[in-house]
Trainee: 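Once you've had a glance at the structure underneath, I'll fire off some questions.
Bear in mind that the values here come from a model prediction, so they are computed numbers and not experimental data.
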Amino acid sequence: MTPVITLLTDYGLEDGYVAACHGVIAGIAPEARVIDVCHLVPSGDVRRGAAILAQTIPYLPEGVHIGAVDPGVGGARRSVAVEAGGRVFVGPDNGLLSWAVHASGGARAAYALGNEELFLRPVSPTFHGRDVFAPVAGRLAGGLDPAELGPRVPVERLVTLPAPTSLLRDGSVEGEVVSVDRYGNTQLSIAAGDLQALGVQVGDTLGVWLGRRQVAMPFRATFAAVPPGELVAFTDSAGLIAIAVNYGDAAQRLGLPPGAHVRLSPTP
């Protein structure tokens, strides 16, 4: 079976950073198939990177998965490889990998990347994606035992991001903006099942509280079900409630950055 390596970064596409990582992998594991998950994660946005990776991982083959959204690169944070299910996640121990590890069944074992013989030399203090994560992933794809990467790390000591939560109470459901995509669609931590528990169905109208503001919003199957320029709530491809503007930017219009508090309730 062809080994698979996936790559998620905040490197952008304007420079040669992604190509350098591809080149390192090709030199070590030329037989591996590399899948680019995303390279447009907002700079240093660990939470956005974690959400993208976790929501994509169920559709990716088993293999080695690199995450490089790493604002602490060169600092005290450690580099790790985490085994979960049939996958190995490689990246900084800053929480970036934690949601995808959970989505893969939870960490089975973890190792600090301490075997410097596996790295490119010299190692740039600011480009571990190229000099540490890519060569390690290439060697893992070639059959290297993860135990050879470095000392074992107790899985309970891995850095984990607080999971997005929702709370049902008093006939409404509260949550937060998990992420905002390139279209300005705001994905909430509120699952479709939360609205079903409140008796909300497609075709109903929602009361949406954004701090002290309240907005009435149609709940539809897709953003295309409302006229251009209109707000709409719908269930997105991850099974979470999202707020959008058809042919517009909901995050900008409503002032909803990641982490913003939102409350939804049925209207009479």
Trainee: So do L231 and V226 actually touch side chain to side chain, heavy atoms under 4.5 Å?
Mentor: no
Trainee: Between I190, V173, V200, which is the residue that forms a side-chain contact (heavy atoms from CB on, under 4.5 Å) with I241?
Mentor: I190
Trainee: Measuring only between side-chain heavy atoms, which start at C-beta, is L97 closer than 4.5 Å to H65?
Mentor: no
Trainee: Output a table of donor-acceptor pairs, distance under 3.5 Å, between side-chain atoms of residues 253-268 and any protein atom two or more places apart or on a different chain; print 'none' if there are none.
Mentor:
residue: R253; atom: NH1; partner: G229; partner atom: O; Å: 3.0
residue: R253; atom: NH2; partner: G229; partner atom: O; Å: 2.8
residue: H261; atom: NE2; partner: E174; partner atom: OE1; Å: 3.4
residue: T267; atom: OG1; partner: T205; partner atom: O; Å: 2.9

Trainee: With the 4.5 Å side-chain cut-off for hydrophobic clustering, are I5 and L118 part of the same group?
Mentor: yes
Trainee: Determine the minimum heavy-atom distance between P3 and A141, stating which atoms define it.
Mentor: CB-O, 3.6 Å
Trainee: As an exercise, state the distance from OG of S79 to CG of D131, rounded to the nearest 0.5 Å.
Mentor: 11.0 Å
Trainee: Which atoms form the tightest heavy-atom contact between V155 and A110, and what is the distance?
Mentor: CG1-N, 4.1 Å
Trainee: Evaluate whether atom CZ of R169 has more than 12 neighbouring non-hydrogen atoms of other residues, nucleotides or ligands under 6.0 angstrom away.
Mentor: no
Trainee: Can you check whether G44's main-chain N or O pairs, donor with acceptor, with D10's side chain at less than 3.5 Å?
Mentor: yes
Trainee: Should the heavy atoms of other residues, nucleotides or ligands under 6.0 Å from OH of Y111 be counted, would the total exceed 12?
Mentor: yes
Trainee: Between V69, T56, D36, which is the residue that forms a side-chain contact (heavy atoms from CB on, under 4.5 Å) with L8?
Mentor: V69
Trainee: Please confirm whether the backbone N or O of S104 pairs with a side-chain atom of R87, one donor and one acceptor, at under 3.5 Å?
Mentor: no
Trainee: Is it true that atom CD of Q214 has more than 12 heavy atoms of other residues, nucleotides or ligands lying nearer than 6.0 Å?
Mentor: yes
Trainee: In this structure, are over 12 heavy atoms from other groups packed under 6.0 Å from H102 atom NE2?
Mentor: no
Trainee: Just how far is it from atom CD1 of I243 to atom CG of L210, taken to the nearest 0.5 Å?
Mentor: 6.0 Å
Trainee: What distance do R130 atom CZ and I25 atom CD1 have between them, rounded to the nearest 0.5 Å?
Mentor: 13.0 Å
Trainee: Is there a side-chain contact (heavy atoms from CB on, under 4.5 Å) between L188 and L240? Walk through the geometry before answering.
Mentor: CA-CA 6 Å; L188 307 181; L240 297 173; 6.0 Å; no
Trainee: Between F133 and P92, what is the shortest heavy-atom contact and its length?
Mentor: CZ-N, 3.6 Å
Trainee: Assigning hydrophobic clusters by single linkage (Ile, Leu, Val, Met, Phe, Trp, Tyr; side-chain heavy-atom cutoff under 4.5 Å), is V73 placed with V123?
Mentor: no
Trainee: Could you tell me whether D93 and R157 make a salt bridge, using a distance below 4.0 angstrom between a side-chain N and a carboxylate O?
Mentor: no
Trainee: Mark yes or no for whether R220, through its side chain, and G203, through its backbone, hold a donor-acceptor pair below 3.5 Å.
Mentor: yes
Trainee: About how many Å separate CG of L113 and CG of L149, when rounded to the nearest 0.5 Å?
Mentor: 6.0 Å
Trainee: Per the side-chain hydrogen bond (donor to acceptor under 3.5 Å, both in side chains) rule, what does the pair list look like for residues 42-55, sequence neighbours excluded?
Mentor: R47-E176, R48-S179, Q55-Q187
Trainee: Shortest non-hydrogen contact from A134 to V24?
Mentor: CB-CG1, 3.9 Å
Trainee: Rounded to the nearest 0.5 Å, how far does CG of L96 lie from CZ of F89?
Mentor: 10.5 Å
Trainee: For A238, does its backbone N or O pair with a side-chain atom of D236 as donor and acceptor, under 3.5 Å?
Mentor: yes
Trainee: Around Y183, counting heavy atoms of other residues, nucleotides and ligands shown, do more than 12 lie under 6.0 Å from its OH?
Mentor: no
Trainee: Check whether more than 12 heavy atoms from other residues, nucleotides or ligands sit under 6.0 Å from atom CZ of R213, and answer yes or no.
Mentor: yes
Trainee: Once you round to the nearest 0.5 Å, how far does CD of E62 lie from OG1 of T6?
Mentor: 12.5 Å
Trainee: Should F223 and V232 count as side-chain neighbours, where that means a heavy-atom distance under 4.5 Å?
Mentor: yes
Trainee: Tell me the closest heavy-atom pair linking S189 and P164, and the distance in Å.
Mentor: CB-CB, 3.5 Å
Trainee: Do side-chain atoms of D70 reach the backbone of N94 as a donor and acceptor pair under 3.5 angstrom?
Mentor: no
Trainee: Less than 4.5 Å apart, any side-chain heavy atom of T186 and any of V180?
Mentor: yes
Trainee: Please report the closest heavy-atom contact between L161 and A50, naming both atoms and the distance.
Mentor: CD1-CB, 3.6 Å
